[in-house]
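As the structure is a computational prediction, the values presented were derived from the model and not from experiment.
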Amino acid sequence: MKKLSLIIVCIMLLALSLGCNKAEPVEDDNPLPTSTGLGQPATPAEHGTVPATPDGNGTIPPAGSESPIAPEQGASSTPQKRDTTNLPTGVKQGAQLPTFTFPLLAGGEGNIEDYIGKPLMLNFWGIDCPPCKEELPEFVKYYDKYKGEGLEIVSLNIDSTPEEQKAFLKTQPMPWVTGYDKDGLFKKWGYRGIPTTIFVDPTGTVIEIHLGGMTLNDLEAIKPRLFGEAAK
């Protein structure tokens, strides 16, 4: 009986001693990486970086090797200038329009690069050319309709003096860029008949070369390619 009582007392003392000792936190030698979503929430990206993610072996890259956040597309609306160093000297459908300058009828010098990036019609014409004069009213209708969408027309005269052109414009307005082909590009590029119109899309690519007069319907048929709409 005494032995039984002694055993009971020992058991009670042991239970009391265990109940008074608080459990100590155990440090994990291998904590879960935060990027797995199973540990602590990942820290939001700061200073232009995004949190690193494990590689194929589950390894987290060292600090400082985070990937930079890509800049937002379309952040800059400034058109990029073409690299004109390797542009061709002639004109070919499907190729880039060459770079050139020309005298402006209003005075000064024009540069075709100023019009690249928009739908562009480069027109060679002459005062003594009946088809040229017939298509000009159609050009005016087309220009008035689409100039708000960025359409540009550059007309270069090949057969008259600036004074003669100015006199002609009093009877037939040409409300776009006018100049004259002082350097003979028309012949250098191998053309022999006027009017000749070169259509250039916003990328600077020649999409069509048309010899002869054009109607408004002809111009409308080219519009999707000229404005780059056909590729959308």
Side-chain angles (χ1 to χ4, degrees), residues 79 82 87-100 102 104-106 110-160 164-232:
R82 296 188 298 172
L87 289 181
T89 56
V91 175
K92 182 179 179 181
Q93 187 169 328
Q96 288 284 300
L97 181 72
T99 296
F100 63 91
F102 55 92
L104 291 165
L105 188 58
N111 190 325
I112 201 64
E113 291 301 316
D114 294 336
Y115 311 100
I116 298 298
K118 298 180 179 181
L120 171 65
M121 293 166 54
L122 175 60
N123 173 247
F124 291 95
W125 73 290
I127 291 175
D128 296 328
C129 163
C132 297
K133 292 187 284 187
E134 289 174 5
E135 75 176 0
L136 284 176
E138 303 292 273
F139 276 27
V140 172
K141 294 176 187 176
Y142 191 65
Y143 182 73
D144 286 345
K145 186 175 181 179
Y146 294 114
K147 64 182 178 182
E149 297 181 31
L151 176 65
E152 295 280 6
I153 301 178
V154 175
S155 288
L156 300 182
N157 184 279
I158 70 167
D159 72 350
S160 309
E164 291 171 332
Q165 294 175 56
K166 292 176 182 178
F168 175 80
L169 291 180
K170 292 179 181 179
T171 61
Q172 173 58 66
M174 297 169 66
W176 48 79
V177 180
T178 55
Y180 47 101
D181 186 18
K182 181 180 178 181
D183 295 328
L185 290 174
F186 182 74
K187 290 184 178 180
K188 288 180 181 178
W189 290 347
Y191 302 129
R192 295 293 180 268
I194 53 175
T196 292
T197 305
I198 302 170
F199 294 84
V200 184
D201 73 11
T203 69
T205 303
V206 176
I207 57 116
E208 184 159 331
I209 302 169
H210 187 92
L211 172 62
M214 302 187 74
T215 66
L216 183 59
N217 287 337
D218 295 330
L219 296 168
E220 290 284 5
I222 295 175
K223 181 182 179 289
R225 291 183 293 134
L226 177 62
F227 281 71
E229 298 168 349
K232 295 179 182 180

- Message: Suppose the criterion is side-chain hydrogen bond (donor to acceptor under 3.5 Å, both in side chains): which pairs have a residue in residues 191-205, not counting sequence neighbours?
- Response: Gln96-Thr205, Asn123-Thr197, Asp201-Thr203, Thr203-Thr205
- With sequence neighbours left out, write down each residue that passes ring pair (Phe, Tyr, Trp, His ring centres under 6.0 Å) with Tyr142, or none if nothing qualifies. Tyr146
Test side-chain hydrogen bond (donor to acceptor under 3.5 Å, both in side chains) applied to [X] - qualifying residues, sequence neighbours left out:
{"X": "Lys145", "value": "Glu220"}
{"X": "Trp176", "value": "Ser155"}
{"X": "Glu113", "value": "Arg82, Thr99"}
{"X": "Lys182", "value": "none"}

How close do [X] and [Y] get, heavy atom to heavy atom, and via which atoms?
{"X": "Gly150", "Y": "Pro119", "result": "O-CD, 3.7 Å"}
{"X": "Leu226", "Y": "Pro202", "result": "O-CD, 3.2 Å"}
{"X": "Lys166", "Y": "Leu105", "result": "CE-O, 3.4 Å"}
{"X": "Ser160", "Y": "Ile127", "result": "OG-CD1, 3.3 Å"}

[X] versus [Y]: any side-chain heavy-atom pair under 4.5 Å?
{"X": "Glu229", "Y": "Lys223", "answer": "yes"}
{"X": "Ile222", "Y": "Ile207", "answer": "yes"}
{"X": "Tyr115", "Y": "Leu122", "answer": "no"}

- Task: Fit a plane to each ring of Phe124 and Trp189, take the angle between them on a 0 to 90° scale, and name the class: parallel (under 30°), tilted (30 to 60°) or perpendicular (over 60°).
- Result: perpendicular
Euclidean distance, [Y] [atom2] relative to [X] [atom1], rounded to 0.5 Å:
{"X": "Thr89", "Y": "Lys188", "atom1": "OG1", "atom2": "NZ", "value": "9.5 Å"}
{"X": "Phe139", "Y": "Asp144", "atom1": "CZ", "atom2": "CG", "value": "13.5 Å"}
{"X": "Lys147", "Y": "Leu151", "atom1": "NZ", "atom2": "CG", "value": "10.5 Å"}
{"X": "Asp181", "Y": "Leu156", "atom1": "CG", "atom2": "CG", "value": "6.0 Å"}

Write out all pairs satisfying salt bridge (charged side-chain N to carboxylate O under 4.0 Å, His left out) with one or both partners inside [range], taking only residues at least two apart or from two chains.
{"range": "residues 202-211", "answer": "Glu208-Arg225"}
{"range": "residues 170-180", "answer": "none"}
{"range": "residues 121-142", "answer": "Glu138-Lys141"}
{"range": "residues 91-100", "answer": "none"}

- Pro175: partners by side chain to side chain contact (heavy atoms under 4.5 Å, CB included), with sequence neighbours left out: Val140, Tyr143
- Task: Count the heavy atoms belonging to other residues, nucleotides or ligands that lie under 6.0 Å from NZ of Lys118, then report whether that count exceeds 12.
- Result: no
- Message: Donor-acceptor check, side chain of Asn111 to backbone of Asp114, threshold 3.5 angstrom: yes or no?
- Response: no
- Query: Do any N or O atoms from the side chain of Gln165 and from the backbone of Asn157 form a donor-acceptor pair under 3.5 angstrom?
  - Reply: no
I'd like a table of donor-acceptor pairs (distance under 3.5 Å, sequence neighbours excluded) in which one partner is a side-chain atom from residues 211-218, with atom names and distances.
residue	atom	partner	partner atom	Å
Thr215	OG1	Asn217	N	3.4
Thr215	OG1	Asp218	N	3.2
Thr215	OG1	Asp218	OD2	3.1
Asp218	OD2	Thr215	N	2.9

- Message: What verdict does the side-chain contact (heavy atoms from CB on, under 4.5 Å) test give for Leu120 and Ile112, after you've listed the backbone C-alpha separation in whole Å, the side-chain angles of each residue and the deciding distance to 0.1 Å?
- Response: CA-CA 10 Å; Leu120 171 65; Ile112 201 64; 4.0 Å; yes
- Query: Is the Phe168 to Trp125 ring centre distance short of 6.0 Å?
  - Reply: yes
- Using the side-chain contact (heavy atoms from CB on, under 4.5 Å) rule, take Val177 and Ile153 through it: C-alpha gap first, then chi angles, then the decisive distance, then the call. CA-CA 6 Å; Val177 180; Ile153 301 178; over 6 Å; no
